[in-house]
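Proteins come first, then strands; the chains are lettered A, B, ... in the order of their sequence lines, and each starts at number 1. All of these numbers come straight from a predicted model, not from anything done at the bench.
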Amino acid sequence: MTRPQYYENSGIQAPPTNTNLAFLEGSKCGALVRTLDWAKTPIGPIDSWPQSLRTAVGICLASRFPMVVLWGKELIQIYNDDYVLLMGDKHPEGMGQPARDCWPEMWHINKPIFEVVMARGETVYLEDQLFPIDRKGYLEETYFTLCYSPIWEETGSVGGVFITVLETTYHVLVSQYEEERRQAEQALRDSTARLRFAQLAAEAGSWEWDIKTGETRWSPEYYVLYGLEPPLQPSFENWIASIYPDDRERVQHELEKQIRTRQNHNIEFRIIHPHKGLRWLSTRGRVLYDEAGEPVRVIGITIDITERKQAEIELKRLNETLEERVEKRTQQVRNLASALTLAEQRERRRIAQILHDDLQQLLYGLQLRVEVLGMDAAAGNEDRVSSNLEGIHALINRSIQTTRTLAIDLSPPVLQGEGLDAAIAWLSNQMKELHDLEVSIELVNPCLIAERDMRVLLYQLVRELLFNVVKHADTNRVYIRCGSQDGQIIITVEDQGKGFDLEAATQKYQEEGHFGLFSIRERLMLLGGNLKIETAPGQGTRVTITAPCHSSLSARTALEGGSER
Amino acid sequence: MSRKARIFIVEDHPVMRESYTMLFERIEDVEICGSAATAEEALERIPETAPDLVLVDILLPGMSGIDLAERLREQQPQLPILILTGLNDERYMEAAARAGANSFIAKGNPKRMLKTIQQMLAGEPS
C-alpha cells in the first residue's frame with residue numbers, strides 16, 4: 001500500500017489504513033468516488049482517509065440536501081447527488097477537483113470565506129447570496145443559501161469545509177419579480193386613482209370599444225356621467241340607447257364617417273340624465289387599426305359640456321336679439337332721418353314761400369312805386385309825390401314787419417324762458433293771425449322744461465299738430481290742454497274736425513315709412529316721451545304728448561323734425 | 001295812336017296789382033282794362049275786356065301763369081302775353097315759350113318791363 005503523496009509532502013502522519021467503504025454506498029456520487037484514483041489527488045487513496053473525512057463524506061453522500069466536502073489546503077471537492085444538480089457542466093469533472101479550479105468565477109467570493117472557516121474554525125452562513133456562475137457555458141445570475149462549517153480533524157485542527165447549499169435562484173427571482181409586480185401594481189393603482197380623480201374632477205368618463213368583438217368597457221366615472229347604474233353592461237347598443245333619441249342617428253352617422261375617414265372622432269350630443277335632466281356630452285376618441293388597416297378598437301373619453309353649451313346657446317340668443325334690436329333701432333333712426341329730411345325740405349319751402357309770396361312782392365311793389373315817384377317828381381306833381389312817399393313808407397314798414405315775423409317764426413324768442421305756456425300762447429296768436437285758427441288754451445300747472453332742446457322740440461310738435469289741423473282737419477277751432485303729472489309734461493291737442501282712419505294710416509306708415517304723426521312719435525320716444533293718437537273718421541282728433549320734464553337725453557338729434565299727413 | 005292800348009293784369013299780390021295800376025296810369029298811351037288775382041278769374045274776364053296785352057305773374061294760387069298763357073293762346077292766337085316772374089330760372093322761360101307767351105321777363109326792372117310792353121304793343125319782336 002502506497003502512502004499518499006499528500007501526507008508525505010505535508011509531513012503529517014498518515015492515518016491508519018481503513019478498507020471499509022460502506023460510507024460510499026447508496027449513491028451515484030459515492031460510486032463515482034469509489035472509481036476515482038484518489039492517489040493522484042492531494043487527499044490520497046480512500047483507505048488512507050482519516051475518520052473525520054470519512055464521516056463528513058458519509059454524511060454528505062447520504063443527505064438529500066445538496067452538500068459538498070472540501071478537504072485539505074487545496075479544498076478538494078467531494079459532493080453528493082443533489083449537489084450535482086447545481087453543477088451543470090462542471091460534473092463529473094468537479095469530483096476530486098480543487099474548488100478554485102472548479103469554480104474560478106466565484107473564487108473572489110469563496111476565498112475569504114474558506115480562509116475564515118479553515119483558519120478560525122468559524123461557520124459562515126449566507127442567505128440568497130448572488131453567485132454569477134458558469135455551469136451551462138455562459139455566465140448566469142444564480143442565488144444560493146449556504147452554510148460553510150468547519151470539519152474538525154482528530155488532531156483538533158480544521159481539515160476541511162462542509163458546505164450545505166440550497167439554490168434559491170428561482171425563489172429569489174420569483175420574489176424579485178413579485179416585488180417588481182407589486183411595485184408596478186402599486187404604481188398602476190396610484191395612476192388609476194389619479195386618473196379616476198382626474199376623471200371625476202373633469203366630469204369625464206373613459207371608455208373602450210372593441211369593434212370586432214363588441215367588447216366594451218366603461219370607467220366608473222362614465223356611469224356617473226350618464227347617470228347609469230353598474231348592473232347595466234357596457235355595450236355599443238347601451239351607449240346608443242342612452243343618447244337623446246333625436247341625436248342618435250346623427251351620432252352614429254358621424255362616428256361611422258370618422259372611423260371611415262380615419263379621423264379622431266369628436267362628437268357632441270345630448271342625453272337625458274335620470275337626475276340632472278337634459279345634459280350635453282362631448283365624446284372624443286381615437287380609432288386603433290390592425291396591420292391590414294382595419295379599425296379594431298376605439299378608445300376615448302367623454303366629458304360633460306352642458307355649461308359650455310348653455311353659455312353658447314345664451315350667447316347665440318343674445319346675439320340674435322342684439323341683431324334684432326339693432327335692426328329695429330336702425331329702422332327707427334332711418335325713419336327719423338327720412339322724417340327729418342322731409343321736415344327740413346318742407347321748412348325750406350315754407351321759408352321760400354314767405355320770402356317770395358310776401359317779402360319779395362313787397363319789394364317789387366316798392367320798386368314800382370319808386371319808379372312812379374320818379375315820374376311824378378319829373379312831372380312836378382307835388383301832391384302825387386307826397387302821397388306816393390306815404391305809400392312807400394307804409395310798404396317799407398310792412399316789409400320790415402314781415403322780416404321780423406319770419407325771424408321770430410324761425411326761432412321764437414319766447415322759448416328763452418323755461419316755461420312752455422308763453423310759447424304756446426304766442427303760437428296760438430300766430431295761428432290765428434296767419435291761418436285764422438282759433439286756439440283755446442288751458443294751462444294746468446305745467447312743469448318747467450329745463451332743457452332748451454326739449455322745449456324747442458315740444459314747441460315744434462305743438463306747431464306741427466296745429467298745422468295739421470289747419471291743413472287736414474277741416475275746422476278752424478282747436479283746444480290745447482297743457483299740464484304735468486309725475487315729472488311728465490302732458491300736452492293734449494284736440495279738434496272736432498273730420499278725423500281720419502288711424503288703422504289705415506298706420507298701415508300706410510308701415511308700407512311707405514312716412515306719416516307725420518308717427519314721425520313725431522318716434523322723435524318723442526327717442527327722448528323718453530310718447531304720443532297717443534285718438535281719432536276716427538268724422539270723430540275729430542285728439543293727440544296726447546307725454547314727455548319727461550327733465551330728460552337725461554339730448555333732444556338735439558330729434559330736433560327740426562316735422563309732420564305730414 | 002288814337003286809342004290807348006288796353007292792358008289786363010293777372011297778379012295775386014294786392015300791393016303789386018296796385019303798383020302796376022299806379023305805374024300804367026302815368027303812361028299816356030296805355031290804360032288798365034282790368035285785373036284778376038287768379039288765372040281762373042282772368043280766363044273769365046279777359047274775353048269781355050278785350051285787352052291788347054295781358055301781363056301775367058308766373059306764380060298764382062291754383063292754375064299757374066304758364067297754364068293760363070297756354071289757355072289764352074288757344075282762345076286768342078294773336079293776343080300778346082307777357083309773363084313776369086320773380087323766379088330767375090331758364091326752365092320757366094322755356095315753359096313760358098312753349099305755352100305761347102310772347103315774352104318772359106324777371107321782375108325788378110320796371111324800365112325794361114315798360115320797354116318790352118312798348119315793343120310788344122308795336123308788334124316788334126322782344
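- Inspection of the Gln367(A) and Lys107(B) side chains reveals no N or O donor paired with an N or O acceptor under 3.5 Å.
- Residue Asp12(B): no heavy atom, backbone or side chain, is found under 4.5 Å from chain A.
- One distance of note links CG of Asp376(A) with CE of Met22(B); it measures 7.0 Å at 0.5 Å rounding.
- Proximity to chain B is absent for every atom of Leu366(A), based on heavy atoms less than 4.5 angstrom apart.
- The number of heavy-atom neighbours closer than 6.0 Å to CD of Glu534(A), taken from other residues, nucleotides and ligands shown, is above 12.
- If you take CZ on Arg17(B) and CD on Gln361(A), they are separated by 11.5 Å, rounding to the nearest 0.5 Å.
- Counting non-hydrogen atoms of other residues, nucleotides and ligands closer than 6.0 Å to NZ of Lys432(A) gives a total above 12.
- Using a 4.5 Å cut-off between heavy atoms, Asn381(A) makes no contact with chain B at all.
- Atom CD of Glu503(A) has 12 or fewer neighbouring heavy atoms from other residues, nucleotides or ligands inside a 6.0 Å radius.
- For the atom pair CE of Met113(B) and OH of Tyr364(A), the computed distance is 12.0 Å after rounding to the nearest 0.5 Å.
- Proximity to chain B is limited to the side chain of Gln360(A), based on heavy atoms less than 4.5 angstrom apart.
- The most heavy-atom pairs under 4.5 Å with chain A, out of Glu11(B), Arg26(B), His13(B), Lys111(B), come from Arg26(B).
- No more than 12 heavy atoms of other residues, nucleotides or ligands lie within 6.0 Å of CZ in Arg481(A), so this atom counts as exposed by the packing criterion.
- The minimum heavy-atom distance linking Val15(B) with Leu362(A) is given by the pair CG2-CD2, 3.9 Å.
- By the neighbour-count criterion of 12 heavy atoms within 6.0 Å, atom CZ of Arg6(B) is densely surrounded, having more than that number from other residues, nucleotides or ligands.
- One distance of note links CZ of Arg384(A) with CD of Glu25(B); it measures 6.0 Å at 0.5 Å rounding.
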